Amino acid sequence: MEHRDKELMQPSAHTVLIEGRKRMRITGVVDVESFQDDEMTVITQAGALTVWGEGLKLGKLNPEDGQVLLEGDVISIEYEQPEPQRRPFFFKRK
């Protein structure tokens, strides 16, 4: 988990290009978390990204250069809000 957090924090190019709602190219992909024909979640350097659609197919998955090509009818996309990092809370006794 720590290694993945470091990857997410490194500044790098992350792009999402949607062509006519039929093709989607995502760069800066660290991992594919889940994939079904109506939903895909990828972990990018900008956080988790979920794509909803119909008839989704992975056209290309290239982990070496962090690219995913998705084909099908793209309905919507959404980035997951990162959880705020919590500071340790210390109680002081008197």
Side-chain angles (χ1 to χ4, degrees):
M1 181 75 169
E2 184 178 318
H3 177 69
R4 189 165 114 182
D5 290 342
K6 286 181 183 177
E7 287 178 332
L8 293 176
M9 296 180 74
Q10 292 176 354
S12 181
H14 162 64
T15 60
V16 176
L17 175 64
I18 302 172
E19 300 171 12
R21 294 182 67 173
K22 297 289 183 188
R23 285 177 59 128
M24 178 180 227
R25 181 179 310 276
I26 307 168
T27 65
V29 175
V30 176
D31 191 17
V32 176
E33 189 170 276
S34 66
F35 181 80
Q36 299 172 353
D37 66 347
D38 63 348
E39 180 180 332
M40 178 181 83
T41 299
V42 293
I43 306 301
T44 73
Q45 292 171 336
L49 173 66
T50 300
V51 179
W52 287 276
E54 295 177 351
L56 300 178
K57 296 176 187 154
L58 278 174
K60 176 183 175 185
L61 172 60
N62 192 342
E64 289 82 32
D65 65 2
Q67 286 192 40
V68 169
L69 178 63
L70 184 68
E71 297 176 343
D73 294 322
V74 176
I75 295 172
S76 68
I77 66 171
E78 180 179 42
Y79 284 94
E80 181 179 305
Q81 291 289 20
E83 292 183 22
Q85 291 186 355
R86 297 182 183 185
R87 294 183 183 166
F89 188 73
F90 297 99
F91 289 101
K92 290 185 180 180
R93 291 190 176 196
K94 293 182 181 183

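Quantities reported herein were computed from a predicted structural model and do not represent experimental measurements.
A heavy-atom distance below 4.5 Å is found between the side chains of Lys22 and Asp73. Counting heavy atoms from C-beta outward, Met24 and Ile77 have side chains that approach closer than 4.5 Å.
Ile75 and Val68 are assigned to two separate hydrophobic clusters, defined by single-linkage of ILVMFWY side chains at heavy-atom distances under 4.5 Å. The hydrophobic cluster containing Leu49 also contains Val32, counting ILVMFWY residues as joined when their side-chain heavy atoms lie under 4.5 angstrom apart, directly or transitively. A single hydrophobic cluster is not seen to contain both Val42 and Trp52; linkage of ILVMFWY side chains at heavy-atom distances under 4.5 Å, directly or through other members, places them apart. A continuous path of hydrophobic side-chain contacts links Leu61 to Val29 [ILVMFWY only; heavy atoms under 4.5 Å].
Contact detail for Phe35 and Leu56: the closest heavy-atom pair is CZ-O, 3.4 Å. The nearest pair of heavy atoms linking Ala46 to His14 is CB-CD2, 3.6 Å.
At least one donor-acceptor pair under 3.5 Å links the side chain of Arg21 to the backbone N or O of Val74. Checked by atom type and distance alone, the side chain of Thr27 pairs as donor or acceptor with a backbone atom of Thr15 at under 3.5 Å. Of the possible polar contacts, one joining the Asn62 side chain to the Glu64 backbone as a donor-acceptor pair under 3.5 Å is found.
None of Arg23, Lys60, Lys57 except one satisfies the salt bridge (charged side-chain N to carboxylate O under 4.0 Å, His left out) rule with Glu71; the exception is Arg23.
Annotation: the span from Arg25 atom CZ to Ile18 atom CD1 amounts to 13.0 Å, rounded to 0.5 Å. Here the CG atom belonging to Asp31 is positioned 7.0 Å from the CD atom belonging to Glu33, to the nearest 0.5 angstrom.
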